Amino acid sequence: MNQTATIDAVRQICEAVLRRRTFLVTSHARPDGDSIGSQLAMAFALDALGKQVRVVNADAAPDHYQDFPGMDRIEIASAVDATAADAVIVMECSDPSRTGVAGLEGHPFIVNIDHHAGNRMYGALNWHDESAAACGEMVFDLIRALGVPLSLEIATHIYLAVLTDTGSFHHSNITPRTFDICRQTVEAGVNPAAMARRVFDSNSFAKLKLIGTLLDRMELLDRGRLAVLDIDDAMLAACGCTHNDTEGIINLPLTAREIQAVAFFKVTSNGDVRVSMRSKYDVDVRSVANRYGGGGHKNAAGFTVTEPLEQARPRILQQLTQAIEEGLRTWHVARST
Ligand code: 5GP
Ligand code: MN
């Protein structure tokens, strides 16, 4: 989206927000830091404008987000009656089905705010900016445009969104704008050291044990450039963990210099397999996710496997090997010019 289109989208959303009274704010299923941060920053801003807000998600957030401000106002529901809301604000979803919440799709006034590639522009108003490192960057711009002061609660959630969606400032989507926004949140009282500790250093002993087990069993392919992690309910139970404890583990293999991409296969209780992927630099894991109906970003993407894992797994790993090959080629070309 170019700058004029962005200004236009923000202006239209501001006008729509100021004219309406009741809002429902939602985000994608299995919410991450960007979903939670974007939703709650928006909810606090709507409070400041005297609006009525409901925040609804399909799934609870991982435990380490639970003591952030406003977490208690998030309703967990797989279906809602949204007719009472004048507007539904959907964050972080390329398609409304990503919310996992039934009852929203037919709403006459959806505001779609997203930074993922391939957004289907399903809203009455659509603001899609792939250049944003986090949806929280977009929410920051919107809140400023609405004239709402950056309270500590809002700043905390914006920083949370940016900190987590940049992979703690590791991903290739970071721009000067990212740091400008962070600077303003720190000026508003956010403590970056405390935020990093709260988000990344809040593991339980059980999770540390799980990390040990997973890394011990990690498979290395493609001459050590591709790492593969596998998990199922039995492994989780043996360590005293739940699926929520797997958050963030996928990033650990990338701390090895040679490893360029990681695939994490999680067999869920209903037998579906969630595939999460992470990569470095120009290695594009979204291109692999897209082939399976998933999505995400160049360095962080995912999808759900709908065919037997033993059939899909070798193919996915082959496609990742190819993505590594292509990514390293463009990276070397870019560095030599
Ligand atoms: P994660 O691996 O943490 O679940 O997701 C990484 C990134 O990929 C996030 O931006 C997430 O929104 C996106 N993503 C993960 N799974 C899916 C999926 O099934 N569909 C789409 N469209 N995006 C996904
Ligand atoms: Mn995001």
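Keep in mind it's a predicted model, so treat the numbers as computed, not measured. Counting begins at 1 with the first residue of the sequence. These values consider heavy atoms only, across backbone and side chains, with no hydrogens, waters or symmetry-generated copies.
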Take Tyr159 and Phe140 through the test ring pair (Phe, Tyr, Trp, His ring centres under 6.0 Å) and record every step on the way to the result.
-> CA-CA 10 Å; Tyr159 190 89; Phe140 176 89; over 10 Å; no
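- Of the charged side-chain nitrogens involved, none lies within less than 4.0 Å of a carboxylate oxygen, so that Lys207 and Asp63 do not count as a salt-bridged pair.
- Linking Ile, Leu, Val, Met, Phe, Trp and Tyr whenever their side-chain heavy atoms come within less than 4.5 Å leaves Phe169 and Leu254 in two separate clusters.
- Shortest non-hydrogen contact noted between Ile36 and His157 is O-ND1, 4.1 Å.
- In the hydrophobic cluster analysis, where Ile, Leu, Val, Met, Phe, Trp and Tyr join through side-chain heavy atoms closer than 4.5 angstrom, Leu24 is grouped apart from Val17.
- Using a 4.0 Å cut-off between charged side-chain N and carboxylate O, Arg313 and Asp230 make a salt bridge.
- By the criterion of side-chain heavy atoms lying less than 4.5 angstrom apart, applied directly or through intervening Ile, Leu, Val, Met, Phe, Trp or Tyr residues, Val25 is grouped together with Leu125 in one hydrophobic cluster.
- Between the side chain of Thr255 and the backbone N or O of Asn251, no donor-acceptor pair lies under 3.5 Å.
- Residue Leu252 holds its CG atom at 10.0 Å from CD1 of Ile250, rounded to the nearest 0.5 Å.
- Salt bridge annotation for Arg98-Asp95: absent, with no cationic side-chain nitrogen under 4.0 angstrom from a carboxylate oxygen.
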Show the numbers, then the answer: is there a salt bridge (Lys or Arg N to Asp or Glu O under 4.0 Å) between Arg183 and Asp180?
-> CA-CA 5 Å; Arg183 176 186 60 75; Asp180 191 40; 2.8 Å; yes
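- The shortest non-hydrogen separation linking Ala82 to Val88 is CB-CG2, 4.2 Å.
- Between His297 and the options His171, Arg286, His116, a side chain to side chain donor-acceptor pair (under 3.5 Å) holds for only His116.
- With contacts defined as side-chain heavy-atom distances shorter than 4.5 Å, the pair Thr156/Thr185 does not qualify.
- Side-chain rings of Phe109 and Phe23 stay apart, their centers remaining 6.0 Å or farther from each other.
- Counting heavy-atom neighbours within 6.0 Å of Gln311 CD, excluding the residue itself, gives a total above 12.
- Note: the hydrophobic cluster containing Ile211 does not contain Phe265 (ILVMFWY, side chain heavy atoms under 4.5 Å, direct or indirect links).
- Side-chain N or O atoms of Thr26 include none that pairs as donor or acceptor with a backbone N or O of Val90 at under 3.5 Å.
- For Val285 against Ala300, the heavy-atom pair with the smallest separation is CG2-N, 3.8 Å.
- Between the side chain of Asn191 and the main chain of Ala194, a donor-acceptor pair closer than 3.5 Å is present.
- A donor-acceptor pair under 3.5 Å is formed between the side chain of Ser279 and the backbone N or O of Lys298.
- A donor-acceptor pair is defined here as one N or O able to donate and one able to accept, closer than 3.5 Å; no such pair exists between the side chain of Asn57 and the backbone of Asp59.
- The two residues Ser38 and Gly136 have their closest heavy-atom pair at OG-N, 3.1 Å.
- In this structure, CG in Leu40 is found 4.5 Å from CD1 in Ile74, a value given to the nearest 0.5 Å.
- The backbone N or O of Gly167 sits less than 3.5 Å from a side-chain atom of His170, completing a donor-acceptor pair.
- Looking only at atom types and distance, the side chain of Thr268 has no donor-acceptor partner in the side chain of Asp272 under 3.5 Å away.
- No side-chain donor-acceptor contact under 3.5 Å links Ser168 to the backbone of Thr164.
- Residues Ile174 and Val162 fall within the same hydrophobic cluster, defined by Ile, Leu, Val, Met, Phe, Trp and Tyr side chains chained together at heavy-atom separations under 4.5 Å.
- The pair Lys280-Glu258 does not meet the salt-bridge criterion, since no charged nitrogen lies less than 4.0 angstrom from a carboxylate oxygen.
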Worked verdict on Asp129 versus Ser131 for side chain to side chain donor-acceptor pair (under 3.5 Å) | CA-CA 5 Å; Asp129 181 1; Ser131 73; 2.6 Å; yes
Trace of the side chain to side chain donor-acceptor pair (under 3.5 Å) decision for Ser35 with Asp32 = CA-CA 5 Å; Ser35 348; Asp32 58 16; 2.6 Å; yes
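- Trp127 has its side chain out of reach of Asn112: every pair of non-hydrogen atoms, C-beta onward, lies at least 4.5 Å apart.
- Using a cut-off of 4.0 Å between Lys/Arg side-chain N and Asp/Glu carboxylate O, Asp141 and Arg177 are scored as salt-bridged.
- Using modelled atom types, no side-chain atom of Lys51 and backbone atom of Ala43 make a donor-acceptor pair closer than 3.5 Å.
- With no hydrogens or angles considered, a side-chain donor-acceptor pair links Glu247 and His64 at under 3.5 Å.
- Summarising the geometry, atom CG belonging to Asp165 is positioned 11.5 Å from atom CG belonging to Asn299; distances are rounded to the nearest 0.5 Å.
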Check the pair Val283, Leu320 against side-chain contact (heavy atoms from CB on, under 4.5 Å), reporting the backbone distance first and the verdict last.
-> CA-CA 9 Å; Val283 176; Leu320 275 168; 5.9 Å; no
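- Between Cys135 and the options Glu92, Gln39, Met42, a side-chain contact (heavy atoms from CB on, under 4.5 Å) holds for only Glu92.
- In this structure, His115 contributes its side chain and Ala132 its backbone to a donor-acceptor pair below 3.5 Å.
- Because its NZ or CZ atom is both nearer than 6.0 Å to the ring centre of Phe68 and within 45° of the ring axis, Arg198 counts as a cation-pi partner of that residue.
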Criterion side chain to side chain donor-acceptor pair (under 3.5 Å) on Ser94 and Asn119, from CA distance to verdict = CA-CA 4 Å; Ser94 37; Asn119 188 285; 5.8 Å; no
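- Other residues, nucleotides and ligands contribute only 12 or fewer heavy atoms inside 6.0 Å of the CZ atom of Arg217.
- Atom CZ of Arg73 is surrounded by more than 12 heavy atoms from other residues, nucleotides or ligands within 6.0 Å.
- The main-chain N or O of Ala61 is found under 3.5 Å from a side-chain atom of Gln66 such that the two form a donor-acceptor pair.
- Within the cation-pi definition used here (under 6.0 Å to the ring centroid, within 45° of the axis), Lys266 qualifies as a partner of Phe264.
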